[in-house]
Amino acid sequence: MSTEKTMHIVQRGLGKRYRQEKIFKLMGLSAILFSLAFLVFLFSSIFLNGYKAFYQTAVSIDIFFDPAVLEVKDPASANYNGLIKESLRNAFPEVKKRKQKKNLYGLVSTSASFHLRDMVLADPGLVGQTKTIWLLADDDVDMLMKSYIDRDLPQADRRMNDLEISWVDKLIAEGRVTSRFNIGFFTNGDSREPESAGIMGAAMGSMYMLAITLALAFPIGIGAAIYLEEFAVKNRLTDIIEVNINNLAAVPSIVFGLLGLAVFLNFFELPRSAPLVGGLVLFLMTLPTIIITGRVALQSVPPSIREAALGIGASKMQAVFHHVLPLAMPGMLTGTIIGMARALGESAPLLMIGMVAFIVDIPTGITDPATALPVQIYLWADSPERAFVERTSAAIMVLLTFLILMNGTAVYLRSKFERRW
Amino acid sequence: MIQKSVTIIAVAVALLAGSALGTSKAIARDYVSIVGSSTVYPFATTVAEQFGKSTKFRTPKVESTGSGGGLKLFCSGIGVSHPDISNASRRIKKSEYDTCQANGIEDIIEVKVGYDGIVLANSKKSITMKLARKDIFLALAKQVPDSKTGKLINNPYRTWKEVNPSLPDTRIEVLGPPPTSGTRDAFAELAMEGGAKTFADLTALRKARGDEVKILMDKLGIPENAYNEKGKTVFKLVAHSIREDGVYIEAGENDNLIVQKLEANPDALGIFGFSFLDQNEDKVQGSFIDGHLPTFEGISDGSYPVSRPLYFYVKKAHVSVIPGISGYLEEFTSDKAWGDEGYLADKGMIPMPDEERTKFSTDVKNLTPLVWQ
Amino acid sequence: MLQTLSSTTPPVIESGNQTKTRARVSRDDRNTAGHPFVDKPRMSCRDVNVYYGDKKAINSVSIDIAENEVLAMIGPSGCGKSTFLRCLNRMNDTIAICRVDGTIKLDDQDIYDKKIDVVPLRAQVGMVFQKPNPFPKSIYENVAYGPRIHGLADAKTELDAIVERSLIKAGLWDEVKDRLDQPGTGLSGGQQQRLCIARAIAVGPEVILMDEPCSALDPIATATIEELISELKLQYTIVIVTHNMQQAARVSQRTAYFHLGDLLEVGQTDKLFTRPSHQLTEDYITGRFG
């Protein structure tokens, strides 16, 4: 075959080859655009649903700290609610009927009395004075202010009747209604009142759990990976162990919850709903992932590094810990963080060990009852009050932020420690 | 450096695990532990929060496990690792009571807290449905009596008009909870059974025993393998079976989801608790059942037929041991909580009549244990 | 003995001038021509067989390595020269399926004896690999690592001295003395290989094994390493495996020719390259195969 003829044949096929390449590139690009579109849709819908939760309506009311009410044996248990009711009656003297009064008191959050109590306990000098105080508005008022309640609907069809709306309008006209940053959302524990519900309790619960998971899964997972990869004799037994580890990594997380219930709660009698148990369950769940990624990271370290160390008389242990492990560490850390991120988003196994619970107090230790961020989202999504809808989205945003931070850390660590050899 | 940090972590882990396992059995619980029904959950949590914030006790922990799951945990034993209180959207069963007794929980205080209505609702964009329980049974049962022969046949009805000529000519499409839900149990018991009882043969079957059951089963065309000596069991099997041909759509436990789906699909009806209707009056409307709308008053006085009592159960032996139980009971049974004007009513719970409230609050005060008759 | 020979000798040899070969074999070395043994050996190997699983890779090799000599091992690919080299400091131990029998003695001590610890052995018999493999650490740390794990230096100044001495011996000091804290992986290929030699020297070995140390280097870097080898032989015993016959001729005093797991011929380098005794050796060095 002459060169000319060969070139002719090559030229003929060239167009087809380039076309195939182009089609493949286009398909890849459209797949990415498609998933990006979904991501944008997801994020924007969560954001649009949730961003208003970061603002909160408050109303200001003139409160007279009545000594007759407050000077009792135990100031902590005085009738602070009575003070608020009194002030509201004074602000709207025309409200006389019992049912209407009840609606009037409903303008202010039921948690407002605790706010007053804390103020008085912190500064007993307040007693006897009259102060204008910003109090949390009820979630219905908040919903009205955020235009979730449609004023044009017939009165019977909305959560607030015309009279209640007229009160709010009067307060607005007097400049007594404001929208302020919702600090409580980040500092409070859970609450049945949407206006005082916060994410802090769940976030702390998640944090304690992840701390335990990390403290156990990282050393044990890395240790197991090193042993299996560098020291263990390759035989039928290690093959069986490897198959089992790979299987465990794919076991549905709820199974680990059942295991936790049987072992930690029923056998060891650890406390229910405690981050300790949650952390142990998530540790079991993430361990296989960490072992597998750890082994892959060790395999990716070139054997020449091991030989170099062994060749000058390092013991096997020294070769592994001084040279192989530092090189495998970025990969191991990436695997660990991805495992942790999965653990952070997990709620199914926690159901079994009693962490799907209503917990108001922010946990202060690993044996305190606690819940976790995804569980909090689930509980709020299932609550009837309308105001929990936006809080659910806001909590998802908080969880996503954590996940993005963790995955970002994984990417950063990988690029920082990745070495050429 | 790495060796050092590995050593430090290993020591920390050992200490942590050691202390955790070592001290676990001795941890005294200083908060009340409550488990049980997801229907009672919103009310129990409200009381718990009020109690926790207005006293120096810690806020009780409330888990939503479902009535059955809650009572199982509750009856598993005495001691800090077992819950103190279990909520239930039905009365405790004999079998559960026996388990409790067997596990040393001899004295259980039963507290009825109020009522919950189960509503059939549709979007405000559609007309209000006027249903009878018979219509509900005919629309949703897996097998219904044939209008001519009276034998049970697979449910043939596709539109409401076929069920009852006075109803609109729209496709039957109902979103409701899955079989694991307490709401579903109550719906089957109250609405479906109520509808089934309007058929003479089925009512007879319910009361029949032994050979009578066989005769009635033959008459109704029920296969023999469903036979039970008690006709009531066979009756329940018929009345509780909900059709599986796509007309009834299981929408998960999340009632909010059902409300959203109703808004999107005006022809569909949804089954959920009254509190969700109460919170979403601008989007959905309750249907008439046997001439009564699901209203606060209607459920309270018992005229609305599909309503159920809500309970919680307390271990007497725990009251003096776990701090806060008596305070929590006092808070729950106070008028400002469960009274006609109480905050639980605001949350959608239907209060009991005065005399019932008095009875149960006295029981709580005296810690009168439940005696199974 | 002859029966054993015919059953274990590969068929290629039978087609060669077997009579000539056999005429020179002693009782111990059977099919090895030339002079495998010396008077005062630093290392001596007798009847070394190496198996990978069921496969025999080295077939009854016996050879001595003299003090302060450079012994080159040549042969076609897959002839077992690297495998044999790795027996000399028990690097083959790291391969699970590899089994070695026979005796290998370093200064009259059997290195495969159960009582022998490989860690000090590898300090005595250092190794330089085919591809430069510095640790991804600083130049200083690369050299200091060995002395540090063996506890050869008590004080920082002592360690500094060892590092400097080793780098000087490896002919790298002038090039890197100002950047000891920079990564060893940043050096050029030839420099990296000299760094690896310095690293091996730093633990004070008696024997240095080099496994094709120049195969990944350019001719200039190769020349530098070859010069270095000639200097190092004054202090160390060096065994070098090479593919490059000119290199063997340039740097070594004695050369061993391996063929399919057999050691066919050992002799003075100049003699082996000019007047090989074995037909296959001649075929190989004249480029008929390989």
Side-chain angles (χ1 to χ4, degrees), chain A residues 222 225-242 294-334 412-421, chain C residues 82 85-86 88-97 117-137 141-152 166 183-186 192-193 195-205 207-211 216:
Chain A
I222 300 292
I226 293 172
Y227 179 76
L228 286 174
E229 196 56 41
E230 303 283 342
F231 294 97
V233 190
K234 304 277 178 286
N235 57 22
R236 193 168 288 254
L237 184 70
T238 44
D239 282 349
I240 291 172
I241 291 175
E242 182 166 350
R295 291 185 67 175
V296 171
L298 286 169
Q299 279 161 12
S300 72
V301 175
S304 66
I305 295 291
R306 290 180 188 85
E307 287 189 333
L310 293 175
I312 48 171
S315 68
K316 189 139 194 183
M317 176 104 174
Q318 286 171 325
V320 170
F321 278 87
H322 294 168
H323 301 287
V324 179
L325 192 57
L327 291 173
M329 211 29 114
M332 288 175 159
L333 286 177
T334 310
Y412 172 76
L413 285 175
R414 198 168 45 210
S415 63
K416 186 168 158 65
F417 292 115
E418 205 152 60
R419 286 182 210 264
R420 295 161 181 280
W421 46 70
Chain C
S82 283
L85 184 78
R86 291 166 66 96
L88 300 180
N89 70 344
R90 291 179 57 180
M91 277 305 273
N92 282 334
D93 289 12
T94 57
I95 300 161
I97 56 163
D117 189 344
V118 292
V119 168
L121 170 71
R122 287 180 190 152
Q124 280 174 289
V125 185
M127 189 152 192
V128 176
F129 297 86
Q130 191 167 358
K131 212 177 140 229
N133 57 353
F135 299 129
K137 295 175 190 280
E141 282 302 318
N142 261 286
V143 183
Y145 180 69
R148 191 175 283 150
I149 57 169
H150 292 302
L152 300 183
S166 309
T185 41
Q192 286 190 16
Q193 196 60 296
L195 180 62
C196 292
I197 293 172
R199 183 173 66 187
I201 293 170
V203 291
V207 181
I208 301 174
L209 310 176
M210 296 186 174
D211 190 0

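Below, read A as the first sequence line, B as the second, and so on, with proteins coming before strands; counting in each chain starts at 1. Every value quoted in this text rests on a predicted model; they were computed, and no experiment measured them.
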What pairs meet the salt bridge (Lys or Arg N to Asp or Glu O under 4.0 Å) rule with one or both residues in residues 316-334 of chain A, with sequence neighbours excluded?
-> none

Please identify each residue that fulfils side-chain hydrogen bond (donor to acceptor under 3.5 Å, both in side chains) with A:Ser315, with sequence neighbours left out.
-> A:Gln318

Which of these passes side chain to side chain contact (heavy atoms under 4.5 Å, CB included) with C:Asn92: C:Asn89, C:Leu88, C:Ile95?
-> C:Ile95

Is it true that A:His323 and C:Tyr145 have ring centroids separated by less than 6.0 Å?
-> yes

A:Ala314, A:Gly313, A:Pro303: which one forms the most heavy-atom pairs within less than 4.5 Å of chain C?
-> A:Gly313

If I measure from the heavy atoms of chain A, does [X] come under 4.5 Å with its side chain, its backbone, both, or neither?
X: C:Val118; result: neither
X: C:Val119; result: both
X: C:Arg86; result: side chain

